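Treat the numbers as computed from the prediction; the structure is a model and nothing was measured. We use all heavy atoms of the structure for the numbers below, so side chains are in, but hydrogens, waters and symmetry mates are not.
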Amino acid sequence: GGGAPISENHFSAFAQEEARINRLQFVGAARLDRHPLIQAAPLFSPRGALIYALRDQTSIRVGSGSSFRTPSLLESYLSLPLYNETDGVYYTSNGDTTLSPERIITTEVGIRDESSRFHTADATLYINNVSDLIALTDLAPEVAFYDPELNGYSVGTSYFSNQLSTYRGYGLEVDG
C-alpha cells in the first residue's frame with residue numbers, strides 16, 4: 001500500500017438446512033462472502049449431501065460443495081525488495097489487487113458403519129478440482145542502475161498471479 005495503512009471490510013453470511021424423510025436425510029448449506037477487492041457479485045459457496053441409512057448404524061453419503069480462498073494482504077499489496085545470497089543484488093516481488101480467489105469443488109461418496117460397539121468405520125472416496133491457484137510468476141529480468149537506498153542492483157520483478165491450470169486430486173480415506 002505504499003506504506004499507507006490498509007483497511008478492508010469483509011462480510012459473510014452462512015445458512016444451513018437439514019431435512020429427513022424416513023431413512024433419507026438431506027443437508028444443504030450456503031455461504032455468501034463479500035471481499036472488498038473482488039468486484040464481482042458476492043462469492044457463493046454451496047454445499048449439499050444426501051445421506052441414506054441402510055440400517056440403523058450404517059449409512060451411505062453422497063455430497064458435493066465448493067469453497068474458496070481469497071487473496072491475502074501479502075498477495076494483494078506486497079511491494080518488497082527481496083535479497084538473495086549475492087551481495088548487492090535484489091528483485092522486487094509485487095502483489096496484485098485484481099487477483100481472483102482460489103477455488104475448490106469437491107465431490108465425495110462415503111459409507112459409515114457403527115454396527116459394533118467396538119469400532120466405527122468410515123470410508124470416503126473423493127475428487128477435488130482446484131482452480132485459480134495464486135502463485136508468484138517467474139522473475140521478469142531487468143537491468144537497473146544501482147539503488148543506494150536498497151544498496152543494490154535490481155535484477156527483476158515477480159508478481160502474484162492466478163495460475164491458468166486446473167488441478168484434480170483423487171483420494172480415498174479410511175478410518176476405522
Side-chain angles (χ1 to χ4, degrees), residues 1 5-78 93-138 158-176:
I6 297 169
S7 177
E8 291 186 350
N9 295 308
H10 298 252
F11 301 97
S12 64
F14 177 80
Q16 180 170 316
E17 180 61 34
E18 296 182 25
R20 183 182 304 261
I21 301 171
N22 299 322
R23 292 183 168 270
L24 184 64
Q25 180 181 2
F26 170 77
V27 180
R31 179 178 168 146
L32 283 173
D33 285 80
R34 172 72 174 91
H35 188 285
L37 295 179
I38 298 171
Q39 299 304 316
L43 300 164
F44 180 60
S45 296
R47 288 180 287 199
L50 285 173
I51 304 162
Y52 181 74
L54 295 170
R55 297 188 305 257
D56 287 343
Q57 277 74 32
T58 305
S59 59
I60 295 176
R61 176 184 69 256
V62 177
S64 187
S66 71
S67 188
F68 62 89
R69 184 187 75 82
T70 56
S72 67
L73 286 170
L74 181 81
E75 294 161 339
S76 298
Y77 298 104
L78 177 72
S93 187
N94 289 317
D96 184 348
T97 57
T98 64
L99 292 169
S100 297
E102 295 177 340
R103 285 275 186 192
I104 185 170
I105 298 172
T106 188
T107 303
E108 64 180 38
V109 176
I111 186 165
R112 181 171 181 88
D113 180 60
E114 299 177 28
S115 60
S116 167
R117 65 184 183 121
F118 299 107
H119 86 281
T120 298
D122 200 354
T124 304
L125 180 66
Y126 63 88
I127 182 171
N128 294 326
N129 287 304
V130 180
S131 60
D132 292 322
L133 282 177
I134 298 170
L136 276 172
T137 62
D138 291 335
S158 65
Y159 301 88
F160 282 100
S161 70
N162 291 103
Q163 294 181 359
L164 299 177
S165 301
T166 297
Y167 300 92
R168 183 167 288 144
Y170 305 91
L172 172 66
E173 293 180 2
V174 179
D175 183 19

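- Judged by distance alone, with hydrogens and angles left aside, the side-chain atoms of Thr70 form no donor-acceptor pair with the main-chain N or O of Pro101 at under 3.5 Å.
- Distance CG/Leu32 to CG/Leu43: 9.0 Å, rounded to 0.5 Å.
- Sorted pairs that involve residues 35-46 and meet salt bridge (Lys or Arg N to Asp or Glu O under 4.0 Å), not counting sequence neighbours, are lacking altogether.
- Annotation: salt bridge (Lys or Arg N to Asp or Glu O under 4.0 Å) contacts involving residues 115-126, sequence neighbours excluded, comprise Arg112-Asp122.
- Side-chain contact of Asp132 with Ser100: a donor-acceptor pair under 3.5 Å is absent, judged by distance alone.
- With rounding to the nearest 0.5 Å, the separation of CG in Asn129 from OG1 in Thr107 is 7.5 Å.
- Note that CG of Asn128 is 12.5 Å distant from OG1 of Thr166, once rounded to the nearest 0.5 Å.
- Here His10 pairs with His35 under the ring pair (Phe, Tyr, Trp, His ring centres under 6.0 Å) rule; sequence neighbours left out.
- Counting only residues at least two apart or on different chains, the salt bridge (Lys or Arg N to Asp or Glu O under 4.0 Å) pairs with a member in residues 60-76 are Arg61-Glu108, Arg69-Glu75, Arg69-Glu102.
- Every side-chain contact (heavy atoms from CB on, under 4.5 Å) that Val27 has, sequence neighbours left out, goes to Gln16, Glu18, Gln25, Ile51.
- With sequence neighbours excluded, no residue satisfies side-chain hydrogen bond (donor to acceptor under 3.5 Å, both in side chains) with Ser12.
- Atom CG of Leu133 and atom CD1 of Ile104 lie 9.5 Å apart (nearest 0.5 Å).
- Counting heavy atoms of neighbouring residues, nucleotides and ligands inside a 6.0 Å radius, atom CG of Leu172 exceeds 12 of them.
- Note that OG1 of Thr97 and OH of Tyr77 are 7.0 Å apart. Values are rounded to the nearest 0.5 Å.
- Not a single side-chain hydrogen bond (donor to acceptor under 3.5 Å, both in side chains) links Asn162 to another residue, sequence neighbours left out.
- For residues 164-176, no pair satisfies salt bridge (Lys or Arg N to Asp or Glu O under 4.0 Å), with sequence neighbours left out.
- Under the side-chain contact (heavy atoms from CB on, under 4.5 Å) criterion, Arg34 pairs with Phe11, not counting sequence neighbours.
- With sequence neighbours excluded, the residues forming a side-chain contact (heavy atoms from CB on, under 4.5 Å) with Asp96 are Thr98, Leu99, listed by chain and number.
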Return all side-chain donor-acceptor pairs below 3.5 angstrom for residues 52-60, not counting sequence neighbours, or 'none' if the list is empty.
residue, atom, partner, partner atom, Å
Arg55, NH2, Thr58, OG1, 3.2
Thr58, OG1, Asp113, OD1, 2.6

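- With sequence neighbours excluded, the residues that form a side-chain contact (heavy atoms from CB on, under 4.5 Å) with Ser165 are Tyr167.
- Proximity of Phe68 to Ser45: side-chain heavy atoms (C-beta onward) are separated by under 4.5 Å at one or more points.
- Shown here is Arg47, whose CZ atom has no more than 12 heavy atoms of other residues, nucleotides or ligands within 6.0 Å.
- Atom CZ of Phe160 is separated from atom OG of Ser93 by 5.0 Å, given to the nearest 0.5 angstrom.
- With Ser161 contributing its side chain and Thr137 its backbone, the two residues share no donor-acceptor pair below 3.5 Å.
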